[in-house]
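Report on one structure; see the data block that follows.
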Amino acid sequence: MPPLPPAAAERLDAFLGEMERLSETFIGYPCSQDYDYPEITPFLRFALNNVGDPFADSIYRENTFAFEREVVAFFQKHLRASEDDTWGYITAGGTEGNLYGLYLARERFPDGVVYYSEHTHYSAAKIVRVLGARSIMIRGSDNGEMDYNDLYETLRLYRDVPPIILANIGTTMHGAVDSIPRIREILKDLAITRSYLHADAALSGMLLPWVEDPQPFGFDAGLDSIAVSGHKFIGSPMPCGIALARRTHVDRVARSVEYVGCMDTTIAGSRNALSPLVLWSAIQRRGEDGLRRRVADAIAMADYAIAQFARYGIAAWRHKNSVTVVFPRPTDGVIARWQIAPSRDIAHIITMPHVTRDMVDRLVADTAESLGLTKQS
Ligand SMILES: *Cc1c(COP(=O)(O)O)cnc(C)c1O
């Protein structure tokens, strides 16, 4: 290829400088930024493409299926899914994983109604529209969990329709985990035997496997499918994620597509083949002990942030096993400077592994100053 014209190279240089500057205040979104993957660079020369089912043969051989299968096996192990009974693939992110889970659910129960709490990620509402599924939004508690009484009362009214429940394993705003056992208890109390349970575990699906006392989050808790992001806690320069589902549900859609002549089990046709290499490499390099330490360090940093806010009398808090620190909504200036996502009267920072004490200190001081608060201790 011809080289970049000088003016274009200059633009890229300036862009790099801008990204370096922005990265110093990257504390408001759940994406790790403490990686490099130089081992991936040589593969940028190939037309790699993971089109199709990573567990099936393909005529297109420039793929990374072998690596993708190992990443899927890693998630099966840590999301407590049996390799025999579940199937999975690497998606373009959390949204595609949610779409996949709800697609399988809708194929299982074409007349099913999707239930999700008001604290659910905005992708859920879009997905039910794409699928043309009926849905009912369940009230949320102030702490970010689903209002289980509202779920009970709503399900009670529609007992004749199979429920498809999207549970949050870590809500976007509060890092709250919906109780899978309570949801299942409600189904049991109402004698609802036909149901589907999908978990949106975008961030916490990579935290809970590594803590001492996790909230129920895996297939052993009774899930039918789960979506986890790859670019959030693990960290990846391209968005990616993992979708896992019970094989019986996947076989249902695989069969229906086989009818038109191909074993096409994924949502997208052509799929990113570099993201499996990134995830595989991260898993190899960090290892299980490294990931466990990584999660413990991030939780400790969240506690550090809460303590720093407290020194100014700012009430910040987090859920058990969460790195999402919720605090009162700061001024618009702070929101803009620190790329912080607000929601009504609250905001959050997320202490991903690249977040340092210095970043926390500066954010807290900036927030306090904008509110006219001084240190109390
Ligand atoms: C980030 C996130 C998503 C969406 O993930 P994308 O990778 O942006 O598609 C879905 N649900 C939750 C809870 C999230 O935090």
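Order of listing sets the numbers, starting from 1, for every ligand and every atom in it. Values below: every heavy atom of this structure, side chains too, minus hydrogens, waters and symmetry copies.
In this structure D84 satisfies the salt bridge (charged side-chain N to carboxylate O under 4.0 Å, His left out) test with no other residue, sequence neighbours excluded. With sequence neighbours left out, Y196 forms a side chain to side chain contact (heavy atoms under 4.5 Å, CB included) with L104, A105, F109, I164, H198, D224, S225, H249.
The distance criterion of under 3.5 Å between nitrogen or oxygen atoms is met by T95 with respect to ligand 1. Backbone and side-chain nitrogen or oxygen atoms of G94 are examined, and one is located within less than 3.5 angstrom of a nitrogen or oxygen of ligand 1. Considering backbone and side-chain atoms alike, N98 places every N or O at 3.5 Å or more from each N or O of ligand 1. When only interatomic distances are considered, the shortest N/O to N/O separation between T171 and ligand 1 does not fall below 3.5 Å.
Here the side chain of T171 pairs no donor or acceptor atom with the backbone of N168 at under 3.5 angstrom. A distance-only check finds a donor-acceptor pair linking the side chain of R184 to the backbone of A221 [under 3.5 Å]. With hydrogens and angles ignored, the 3.5 Å screen pairs a side-chain donor or acceptor of H231 with a backbone N or O of C240.
At least one heavy atom of G170 sits less than 4.0 Å from an atom of ligand 1. For S229, the heavy-atom gap to ligand 1 drops under 4.0 angstrom.
Counting protein heavy atoms only, atom 13 (C) of ligand 1 is closest to T172 OG1, 3.3 Å. Among protein heavy atoms, the minimum distance from atom 11 (N) of ligand 1 is reached at D200 OD2, 2.6 Å.
Under 4.0 angstrom from ligand 1, the non-hydrogen atoms of K232 all belong to its side chain.
Atoms of ligand 1 lying under 4.0 Å from any heavy atom of H231, numbered from 1 in the order shown and given with element: 7 (O).
For an aromatic pair to be called close, the ring centres must be under 6.0 Å apart, and H354 with F26 satisfies this. In this structure, H119 has its ring center under 6.0 Å from that of H174.
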